[in-house]
**Student:** 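Next up is a structure, given as structure tokens.
A note on names: the letters A, B, ... follow the listed sequences, proteins ahead of strands, and every chain is numbered from 1.
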Amino acid sequence: MTLSIDQYAHLSRWRERPVLEKALLAIGMLLLAVSLPPLPSAPCIIACVLGVTLLGARVPLQLWLRYALIPAGFLLTAGLTMLFDVGRHGLSLSPAGLPVVCGLLLRSFAGICCLLLFALTTPVTDILASLRAIGLPREIAEISLIMYRLVFLLLDTASAMHTAQAARLGHSNRRQQLRALGLLLANLFPRAMDRASRMENGLAARGWNGEFNVLRRTQPLSPTRLTWTSLLLGSVLLIGSLFS
Amino acid sequence: MNTILSVQQLGYTFPGHVIALSGINLSIQQGRCLALLGPNGSGKSTFLQHLNGSLQPNQGSVFLEQEAVSYSRQGLNRLRSKVGLVLQDADDQLFAASVFEDISFGPLNQGLAADAARQRVEQAMQAMGLVGLENRPPHMLSGGQKKRVAIAGALAMAPEVLLLDEPTAGLDHEGIAQLIAILHSLMQQGITIVFSTHDVDLACRLADDIALFAAGRVIGFGERSQILLDREMLLAAKLSPSLLLQMVALAQDKGLLAADATMPRTDHDIMALFSHQQPTACQTAG
């Protein structure tokens, strides 16, 4: 089984860091990438964020490449199509030209780097807890959490059923495959309901009263790290606005 | 000895007229370990769910410390604070984002303050050997770990009775060994344990008393040796004596084990008993 990006986030060295610190760095850099002119700020941001991701959070390079290459591929194709113009005289080079496209690509890639830093170090559940802390209604946070938990269970069930169908030649031809998929989906629903009612029993046994109260472990913010982050953001801002 | 939980003339019919339990009388002694032994579909799990109020009987009553259980919110809260339940499939029980958060759910529902709850969680994690997994999400745990988290979630509520539905289902050898060690240590702390199983060897290994279930009735109730060495009764419940039980019977026949001696609990015990004996039968045959 391949691990999802979220599972890597759980195993990350920076998993324990407060979400605010990581968000300040990653989202701060993202905002800079979007708002400053791409040269020279975008290369600066890419270098900084990549350095932090690979050396600070120790995300393995291979892993990072795996997740960066997919959006990078999209960017490149988008960039290539923007180089050309389809007009009355057929295909021609776009008047905007190379510099604009390069700037756009750099800027977008910087954005991807920032988001990957955040995604590879911060699990979804941590993000939800933080959103809850800054005012997301409790109901929405709790439902999202339960959904997040149940999606994995449902996927497990679905993949087990899929394997079982395949083992009995359920997917031997296109027709069969469609039929098998229909059966699978039809079976998944009652199972999900069944699971939900058993879960309700399990929760009731632990005194559930309609609210999911749990203790969260939070790390205190580190002034040192916040200072460093601010310095980094400040210097990128300075370089970006002075030398453009 | 104190009776902590008991049921009288308990009957339960599932919607659709499927009779699951009928006429059950049973009392559970404080500090002892009771196995509900029976084949699939004999009503063990349904019975277990009555003991903490997850199901309400159609007939008869459940008594907590000689007092009939009330199914009001308060009554159920009182019952469930004293009687913890661990479901067969741990995935039905774990819902929170991390192990630590999940275990803290019960104590907070009991109205404990954050500090007290934190302490309970830490104790339970220690007791279940889960230290270091605090931040793991449930879907990144092994089956054995999930089971231990589920038990820790019940244990953190400091129950007097712990109910476990098929506790070894789906666990590998190592997982079962760990679970048994944990249950032993809980028994030593004086926690009353009730578990359901179809495994006669597991009942032999853990239980003090056994209630034998067949087709929604209790057809035998007594001390471990009394039930397990009654071959006819086991067969009546569609269970068969394991190799271990057969060897215990053989040891008694051969005079290796006095009838009033403590019955061996594991294959290890019985092997030890036989290995002290001179190999007479084989020698004469040779």
**Student:** Strictly less than 4.5 Å between heavy atoms, which residues of residues 158-171 of chain B line up against chain A? Please order them by number.
**Tutor:**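 Within residues 158-171 of chain B, no residue comes under 4.5 Å from chain A.
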
**Student:** Would you say A:Leu76 has more than 12 foreign heavy atoms packed within less than 6.0 Å of its CG?
**Tutor:** yes

**Student:** Under 4.5 Å, heavy atom to heavy atom: which of residues 101-115 of chain B reach chain A? Give them by number, or say none.
**Tutor:**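 Hits under 4.5 Å: B:Glu101, B:Asp102, B:Ile103, B:Ser104, B:Phe105, B:Gly106, B:Leu108, B:Asn109, B:Ala114.
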
**Student:** Counting only heavy atoms closer than 4.5 Å, note whether A:Ile146 contacts chain B via side chain, backbone, both or neither.
**Tutor:**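 Contact with chain B is through the side chain of A:Ile146 alone.
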
**Student:** Does a side-chain heavy-atom distance below 4.5 Å link A:Asn209 with B:Arg73?
**Tutor:** yes

**Student:** Which bit of A:Glu142 is near chain B, if near means a heavy-atom gap under 4.5 Å: side chain, backbone, both or neither?
**Tutor:** neither

**Student:** Sort by residue number and list every member of residues 31-57 of chain B having a non-hydrogen atom under 4.5 Å from chain A.
**Tutor:** B:Gln49, B:Asn52, B:Ser54

**Student:** Closest approach of B:Gln93 and A:Arg206, non-hydrogen atoms and distance?
**Tutor:** O-NH2, 3.0 Å

**Student:** For the atom pair CD (A:Glu16) and CG (B:Asn135), what is the distance rounded to the nearest 0.5 Å?
**Tutor:**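 Output value for this atom pair is 4.5 Å.
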
**Student:** Taking atom CZ as the centre, does A:Arg13 end up with more than 12 heavy-atom neighbours from other residues, nucleotides or ligands that are less than 6.0 angstrom away?
**Tutor:** yes

**Student:** Side chains of B:Met140 and A:Leu11: does their closest heavy-atom pair fall under 4.5 Å?
**Tutor:**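 When only atoms from C-beta onward are counted, A:Leu11 and B:Met140 do touch, with a gap below 4.5 Å.
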
**Student:** Heavy-atom cut-off 4.5 Å, strictly under: side chain, backbone, both or neither for A:Leu203 against chain B?
**Tutor:** both

**Student:** For chain A, which residues from residues 77-85 of chain B have at least one heavy atom closer than 4.5 Å to it?
**Tutor:**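 From residues 77-85 of chain B, the residues near chain A are B:Arg80, B:Leu85.
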
**Student:** Closest approach of B:Ala96 and A:Leu145, non-hydrogen atoms and distance?
**Tutor:**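 In terms of heavy atoms, the two residues are closest at CA-CD2, 4.5 Å.
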
**Student:** Please indicate whether B:Glu174 has more than 12 foreign heavy atoms, meaning atoms of other residues, nucleotides or ligands, lying under 6.0 Å from its CD.
**Tutor:**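 No, not enclosed.
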
**Student:** For the atom pair CE (A:Met199) and CG (B:Leu87), what is the distance rounded to the nearest 0.5 Å?
**Tutor:**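 Between atom CE of A:Met199 and atom CG of B:Leu87 there are 10.0 Å.
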
**Student:** Does atom OH of B:Tyr71 have more than 12 heavy-atom neighbours from other groups under 6.0 Å away?
**Tutor:** yes

**Student:** I need the A:Asp6 CG to B:His139 NE2 distance, nearest 0.5 Å.
**Tutor:** 6.0 Å

**Student:** About how many Å separate OH of A:Tyr148 and CZ of B:Phe95, when rounded to the nearest 0.5 Å?
**Tutor:**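 Output value for this atom pair is 15.0 Å.
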
**Student:** Check this for me: B:Gln119, atom CD, are more than 12 non-hydrogen atoms of other residues, nucleotides or ligands nearer than 6.0 Å?
**Tutor:**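 No, not enclosed.
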
**Student:** Given side chains that start at C-beta, do those of A:Arg198 and B:Asp89 come closer than 4.5 Å, heavy atoms only?
**Tutor:** yes

**Student:** Please say whether more than 12 non-hydrogen atoms of neighbouring residues, nucleotides or ligands are located less than 6.0 Å from CZ in A:Arg174.
**Tutor:** no

**Student:** Please check if the number of heavy atoms outside A:Glu200 that lie under 6.0 Å from its CD is greater than 12.
**Tutor:**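 Atom CD in A:Glu200 is not crowded, with 12 or fewer foreign heavy atoms closer than 6.0 Å.
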
